[in-house]
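For reference, the structure is listed below as C-alpha cells.
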Amino acid sequence: MSHTAGTGAWGSGRGPGAPRIVVIGNANVDVLMGDVAPWPVPGSEVVIDRYEWRVGGAAGNTGLALAAMGVREGVDSDVIAHVGEDFLGGWLEDAMSGAARLTRVPHPTALTVGLTHPDGQRTFVSYLGHLVTLPEDRITAALDAARPGDLLLLCGYFLLPELRAKAPSLLRSARQRGMLTMIDTGWPDEGWTPAVRAEVAALLPHVSAFLPNREEAVGVTGGHEDAVVEAAAAALLELGAERVVMKCGAAGALLVGVDGRVVHPAPSVCVQDTVGAGDTFNAGLLAGLARGMSWAEALAPAVNASALAIGSQPRRYPSWAEVVEAAGETVAAV
Ligand SMILES: Nc1ncnc2c1ncn2[C@@H]1O[C@H](COP(=O)(O)OP(=O)(O)OP(=O)(O)O)[C@@H](O)[C@H]1O
Ligand SMILES: [Mg+2]
C-alpha cells in the first residue's frame, strides 16, 4: 500500500518541458434517466424523477476531467475526438470547449441513454452514429508532433471500429517516437470471445500500461469471474504489457509490472453516480504523470479524482487542488 501525499510530487507544476498528453477516443451525449423499476413492459410509458444530460464517452469524460485539473487543451494536451454535424454535435462542441477540440463529421452524433435502477444497476442503450469514423488527419498530426516522454491514451476502443483497426500501428509508431502508450478498451459488445481476447493480447506488447478494470482484466485473460485479480494481472504482463494499472472500484487500484507492485486504496465516498469513474481515473493518472510523478505516485491523483467525480451530483470534475486535498484526507484517515 502506498500513500504519496507529501512526497513533493504533488507540488511540482508543469515545467516548460513537461510531457504533452494525447487522448484519442469517443465523445458523445449521455442522457441518464431514473430510477426505473421494474423493467418497462413493451408498449408502456414510464415516468421518472430525474434525468441528467451531459458529455459522455471516454474521451469526453477524460477531456473534461483533465481540463478541470488545469491541463490546458491545445497547450498541454490534445484531446482528439469527433462529433456529428447536427444539434448534438454543436452542443458537445460548446460543452467541451477548453477541454477538447472536436472535429465535425457528416454523421448523426452518437447518443447513449442510460436507465438507472434502484439497486444501483444501469442499462445503456447506445446509438453509435459518428463513431464509425476517426479524425485521422488530427491523429497523424498529433503523433508526428510528439516528443519522447509524451503520453498517449487510446480509449473507447471497442466503440470505435477504426480505432480497433488502427490501434496496433498507432501504438507501434507512438512507441517508436518514445511516447508512453496506454489503452483502456472498455467492455466489448460481443463479449470476450477468443477472437476479441487475441485482438487485445496483440496490443499488449505495444503498451507502457494497460488500463483495464477488474472484469476486463479477467475477460482478456480468459479467466473465470471469480479469478483472483493478481492472477489476471500476472497473465497480462505475461502477454507483453510493460505494466498493468487495474481499476478495482471501491477497492482502489493495483499497479503491477516493471516498477513492482503497488496497491492504492480508494478514498471512501458517498457514490452518486459511477458513470465515467474509469475515465476520470485515467485523467488523474495522466495528469500526475505529466507533472513528473512516477506510475506508483500517479495512482493517488487517479483514485482521488475519480472518487470526487463519482461523489458529485450533478457531475463535476475536481480541480488539481481538490485532488491534492483529498490525498491529505486519505492519509489523515489511515
Ligand atoms: N465506490 C467507489 N468508491 C471509491 N472509489 C471508487 C468507487 N468506484 C470506483 N471508484 C474509483 O474509480 C476507479 C475506476 O472505477 P472502476 O474500477 O469501476 O472502473 P471502470 O469499471 O473502468 O469504470 P467505468 O465504468 O467508468 O469504465 C476505481 O479504481 C476507484 O479509484
Ligand atoms: Mg472502464
Side-chain angles (χ1 to χ4, degrees), residues 1-4 23 25-28 30 32 52 54-65 69 112 114 116 119-124 126 153-160 182-189 192 200 209-220 225 229 232-233 236 244-256 262-288 295-313 315 317-318 322-323 326-327 329-330 333-334:
M1 203 165 282
S2 129
H3 292 296
T4 55
V23 177
N26 57 318
N28 59 264
D30 271 359
L32 304 171
E52 201 180 328
R54 67 183 193 218
V55 170
N61 297 329
T62 306
L64 289 180
M69 285 183 279
T112 290
T116 62
D119 59 0
Q121 297 278 30
R122 292 190 158 71
T123 306
F124 293 104
S126 292
L153 170 67
L154 304 187
C155 52
Y157 175 83
F158 284 120
L159 293 172
L160 292 163
M182 285 155 253
I183 185 159
D184 182 341
T185 61
W187 191 264
D189 196 30
W192 294 103
V200 175
F210 184 49
L211 311 179
N213 66 19
R214 229 175 349 207
E215 294 75 19
E216 290 153 3
V218 171
V220 182
E225 269 176 37
V229 295
L236 291 167
V244 177
V245 180
M246 199 190 298
K247 291 163 263 189
C248 302
L254 167 70
L255 164 71
V256 290
V262 179
V263 177
H264 200 297
S268 67
V269 60
C270 177
V271 175
Q272 299 294 331
D273 167 11
T274 60
V275 175
D279 304 323
T280 314
F281 177 101
N282 296 346
L285 187 75
L286 287 167
W295 290 87
E297 288 172 333
L299 295 177
V303 299
N304 293 341
S306 48
L308 289 166
I310 66 179
S312 66
Q313 180 75 35
R315 170 59 52 88
Y317 294 98
E322 289 169 312
V323 169
E329 284 163 16
T330 308
V334 169

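Side-chain atoms are counted along with the backbone in the values below, which use heavy atoms only and exclude waters and symmetry mates. Atoms within each ligand, like the ligands themselves, are counted from 1 in listed order.
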Please name all residues satisfying side-chain hydrogen bond (donor to acceptor under 3.5 Å, both in side chains) with Asp30, sequence neighbours left out, ordered by chain then number.
Asn28
Would you compute the distance between atom CG of Leu64 and atom OG1 of Thr280 and round it to the nearest 0.5 angstrom?
9.0 Å
If I take atom CG from residue Leu211 and atom CG from residue Leu255, how far apart are they, to the nearest 0.5 angstrom?
10.5 Å
Quickly, which of Asn282, Asn26, Asp279 forms a side chain to side chain donor-acceptor pair (under 3.5 Å) with Asn61? Name it, please.
Asp279
Would a distance-only check, ignoring hydrogens and angles, find a side-chain to backbone donor-acceptor pair under 3.5 Å from Arg315 to Ala309?
yes
CG/Asp119: more than 12 non-hydrogen atoms of other groups inside 6.0 Å:
yes
Enumerate, one pair per line, all nitrogen or oxygen atoms of ligand 1 lying under 3.5 Å from a protein nitrogen or oxygen, stating the separation to 0.1 Å; write 'none' if no such pair exists.
residue, atom, partner, partner atom, Å
ligand 1, 12 (O), Ser306, OG, 3.2
ligand 1, 17 (O), Lys247, O, 3.3
ligand 1, 17 (O), Gly249, N, 2.7
ligand 1, 21 (O), Asn213, ND2, 2.8
ligand 1, 23 (O), Gly278, N, 3.1
ligand 1, 26 (O), Gly276, N, 3.3
ligand 1, 26 (O), Ala277, N, 2.9
ligand 1, 26 (O), Gly278, N, 2.8
ligand 1, 29 (O), Gly252, O, 2.9
ligand 1, 31 (O), Ser306, OG, 3.4

